[in-house]
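Below is one structure, written out as C-alpha cells, with a few remarks after it.
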Amino acid sequence: MPIGMVILGRQGSGKGTQAIRIAESYGVVHISTGDMLRAAVAEGTELGLKAKSIMDAGDLVPDSVINGIVEERLLKQDVQSGGFLLDGFPRTVGQAEALLTYAEDDLRLALNLDVSIDEVMTRMLSRGRDDDTAEAITRRLELYETETAPLLDWFAERGILKIVDGNGTETDVFSRLRAVIEEISEK
Ligand code: AMP
C-alpha cells in the first residue's frame, strides 16, 4: 500500500479542509471518521442512532465501535492501492494501537496541525455545525487534551510525528504541509 498518514489537531484547527487538499494533491484516500459518523446519522443506520447523542454532547464514540469502522474502510481496494489520510482518527491511545495492527507498515507520517485554543474556539463558533454548541465545543477541547494530545508523544516515540504551524491562510498552511509530505515521500 502506498503512503499512509494521519492528521491530528484540535477540532477547528482546519485539519478537515487541509485533509481534502492533501488527498486531491497526493491521491490518497481521505478518511474522516466524523464524516462517516455524520453520514450514518443522516441515513439513520443503527450506528447513526447510537452515535448521534454522543456526538451532540461532544463525547467520543467508543473505541470498540470506531475501530471496527476504520479497519473495514482500510481494507477497501481504493485504500490498498492509493494509500490513506485519516482525519479525526485516532483520537485515543486505544485507537492508535488498533491502527498499528491494521496498517503498521504503511503508516509513515502523523501530521499535527498546531493552532491555539483561542483561535480554534473562534473558528468553531463561526462554522455553525449542529454539534458546535458552546458546551459540546468545550467538551471536545477537554477530551482533546486528555485523550488525544497524549498521542503526540506516542507518534513522536515512533519517529513519525511532524508538527506543522496551522496559523495563517489556508494556502500558507497547505504549503507547510506539502513540504513535510514531500520530504517523507522522497524517502
Ligand atoms: P469531527 O468531525 O472529527 O470533529 O467528529 C465529530 C464527532 O464525531 C466527535 O465530536 C465525536 O463525537 C465523533 N468522532 C469522530 N471521530 C471519532 C473518533 N475517532 N473516536 C471517537 N469519536 C469520534
Side-chain angles (χ1 to χ4, degrees), residues 4-23 28-75 79 84-103 107 110-117 119-152 154-155 161 164 166 170 173 177:
M5 300 181 267
V6 304
I7 186 162
L8 306 163
R10 295 190 172 94
Q11 290 80 41
S13 62
K15 64 185 158 52
T17 310
Q18 296 294 341
I20 293 169
R21 293 187 68 156
I22 295 171
V28 291
V29 179
H30 173 212
I31 304 174
S32 156
T33 46
D35 285 352
M36 290 167 92
L37 292 170
R38 278 183 289 278
V41 170
E43 283 166 28
T45 63
E46 198 182 318
L47 166 68
L49 295 176
K50 250 195 261 175
K52 170 121 180 57
S53 56
I54 299 176
M55 293 170 77
D56 284 345
D59 281 328
L60 292 174
V61 173
D63 287 0
S64 55
V65 174
I66 203 87
N67 289 349
I69 297 170
V70 171
E71 180 179 19
E72 204 175 289
R73 185 68 191 85
L74 290 175
L75 289 170
V79 174
F84 63 87
L85 171 60
L86 279 163
D87 160 14
F89 182 98
R91 261 181 162 89
T92 65
V93 170
Q95 294 178 15
E97 279 167 357
L99 176 61
L100 272 201
T101 69
Y102 311 147
L107 187 61
L111 294 160
N112 182 47
L113 259 195
D114 197 21
V115 178
S116 72
I117 293 193
E119 176 63 21
V120 297
M121 267 289 196
T122 313
R123 292 187 192 178
M124 274 193 277
L125 286 168
S126 68
R127 73 185 178 180
R129 216 168 69 184
D130 264 9
D131 58 346
D132 281 343
T133 60
E135 293 75 19
I137 290 174
T138 307
R139 179 71 183 138
R140 291 204 300 268
L141 288 173
E142 216 172 75
L143 283 172
Y144 182 82
E145 300 309 323
T146 57
E147 302 292 326
T148 310
L151 287 181
L152 299 182
W154 195 90
F155 282 114
L161 178 71
V164 175
E170 202 183 300
V173 176
L177 287 165

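Below, each value reflects all heavy atoms present in this structure, side chains not excepted, and no hydrogens, waters or symmetry copies. All ligand and atom numbering here is 1-based and tracks the order in the structure.
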Say whether, by atom type as modelled, one donor and one acceptor occur between the side chain of T92 and the main chain of E147 under 3.5 angstrom. no
Ion pair R123/E119, N-O distance below 4.0 Å: yes
Closest protein heavy atom to atom 1 (P) of ligand 1, given as residue, atom name and distance to 0.1 Å: R91 NH2, 3.5 Å
Looking only at heavy atoms, what is the nearest atom pair of G94 and D63, with distance? CA-OD2, 3.6 Å
Show the nearest heavy-atom pair for residues S32 and R38, with the distance to one decimal. OG-NH2, 4.5 Å
Below 4.0 angstrom from a heavy atom of G88, which ligand 1 atoms are there? Numbered from 1 as shown, please. 16 (N), 17 (C), 18 (C), 19 (N)
Which protein heavy atom lies closest to atom 11 (C) of ligand 1, and at what distance to 0.1 Å? D59 O, 3.4 Å
The closest protein heavy-atom partner of atom 22 (N) of ligand 1 is V61 N, 3.1 Å
Taking atom 10 (O) of ligand 1 as the reference point, the nearest protein heavy atom with its distance: R140 CD, 3.1 Å
Nearest protein heavy atom to atom 7 (C) of ligand 1, by residue and atom, and its distance? M55 CE, 3.9 Å
Can you confirm whether D59 is buried at CG, in the sense that more than 12 heavy atoms of other residues, nucleotides or ligands lie under 6.0 Å from that atom? yes
Of the options R91, R140, R10, which is the one that meets E145 in a salt bridge (charged side-chain N to carboxylate O under 4.0 Å, His left out)? R10
What residue and atom, counting heavy atoms only, is the protein's closest point to atom 14 (N) of ligand 1, and at what distance? L37 CD1, 3.4 Å
Heavy-atom distance to atom 2 (O) of ligand 1: which of Q11, R139, R38, Q95 wins? R38
Heavy-atom side-chain proximity of N112 to F155 below 4.5 angstrom: no
If you measure from each non-hydrogen atom of M36 to ligand 1, which part falls under 4.0 Å: side chain, backbone, both or neither? neither
Of all the atoms in ligand 1, which lie at a distance below 4.0 Å from a heavy atom belonging to T33? 15 (C), 16 (N), 17 (C), 19 (N)
